[in-house]
> 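Take a look at the following structure, please.
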Amino acid sequence: MHHSYKTEGVCAHQIDFDIEDETVRNIIFYGGCPGNHLGIAALADGMKPEDIISRLAGIKCGYKESSCPDQLARALQEIIYQKKE
């Protein structure tokens, strides 16, 4: 299933990704630092959402309250929370 997440407080303004067979695929960040986003996407591709969350949640970017990796974790947390409802 395809998902789009509008980020808050970071350079990237949106993250798109798919969740197929309980793994995250095709992660694309829009805006921000292309090299970092390609690296995050390559490392997280094929991982389970819970594993990505445990590794990326809480990472901050400089003085900001969040980061692009943290925003990906937040997006996945929202999806997991919605499934439980």
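Here the structure is a predicted model, which is why all the values come from computation and not from measurement.
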> Check the hydrophobic clustering (I, L, V, M, F, W, Y; side-chain heavy atoms under 4.5 Å; chains of links allowed) and say if Leu76 and Ile59 are grouped together.
yes
> Kindly write out the residues that satisfy salt bridge (charged side-chain N to carboxylate O under 4.0 Å, His left out) with Arg25, not counting sequence neighbours, or none if the list is empty.
Asp45
> Apply side-chain contact (heavy atoms from CB on, under 4.5 Å) to Asp18 and His2, showing your working.
CA-CA 4 Å; Asp18 299 321; His2 184 75; 2.7 Å; yes
> Is a side-chain N or O of Asp70 found less than 3.5 angstrom from the main chain of Ala57, in a donor-acceptor match?
no
> Do Ser54 and Lys48 touch side chain to side chain, with heavy atoms closer than 4.5 Å?
no
> Decide yes or no on side-chain contact (heavy atoms from CB on, under 4.5 Å) for Ile79 and His3, but give the supporting numbers first.
CA-CA 9 Å; Ile79 291 166; His3 300 275; 3.5 Å; yes
> Shared ILVMFWY cluster between Ile52 and Ile80, side chains joined below 4.5 angstrom?
yes
> Verify side-chain contact (heavy atoms from CB on, under 4.5 Å) between Ile40 and Phe29, making sure each step is shown before the conclusion.
CA-CA 9 Å; Ile40 294 164; Phe29 289 83; 4.0 Å; yes
> To the closest 0.5 Å, what do you measure between CD (Glu50) and CD (Gln77)?
10.5 Å
> Determine whether more than 12 heavy atoms belonging to other residues, nucleotides or ligands lie under 6.0 Å from atom NZ of Lys6.
no
> Looking at every non-hydrogen atom in both residues, tell me the closest pair between Glu8 and Gln71 and how far apart they are.
N-OE1, 3.0 Å
> Determine the minimum heavy-atom distance between Val10 and Ser66, stating which atoms define it.
CG1-C, 4.0 Å
> Using the salt bridge (charged side-chain N to carboxylate O under 4.0 Å, His left out) rule, take Arg55 and Asp51 through it: C-alpha gap first, then chi angles, then the decisive distance, then the call.
CA-CA 6 Å; Arg55 291 180 183 211; Asp51 294 335; over 6 Å; no
> For Thr7, give me all partners under side chain to side chain donor-acceptor pair (under 3.5 Å), at least two apart in sequence or on another chain.
none
> So which heavy atom on Cys68 is nearest to which on His37, and how close?
SG-NE2, 3.1 Å
> Please find the pair of heavy atoms, one from Tyr5 and one from Ala75, that lie closest to each other, and give the distance.
CG-CB, 3.3 Å
> By salt bridge (charged side-chain N to carboxylate O under 4.0 Å, His left out), which residues pair with Lys60, not counting sequence neighbours?
Glu65
> When you look at Ile27 and Ile15, which way does the side-chain contact (heavy atoms from CB on, under 4.5 Å) test go after all the steps?
CA-CA 7 Å; Ile27 304 164; Ile15 307 168; 4.2 Å; yes
> Where do Ser4 and Gln14 come nearest, in terms of heavy atoms and distance?
OG-NE2, 3.7 Å
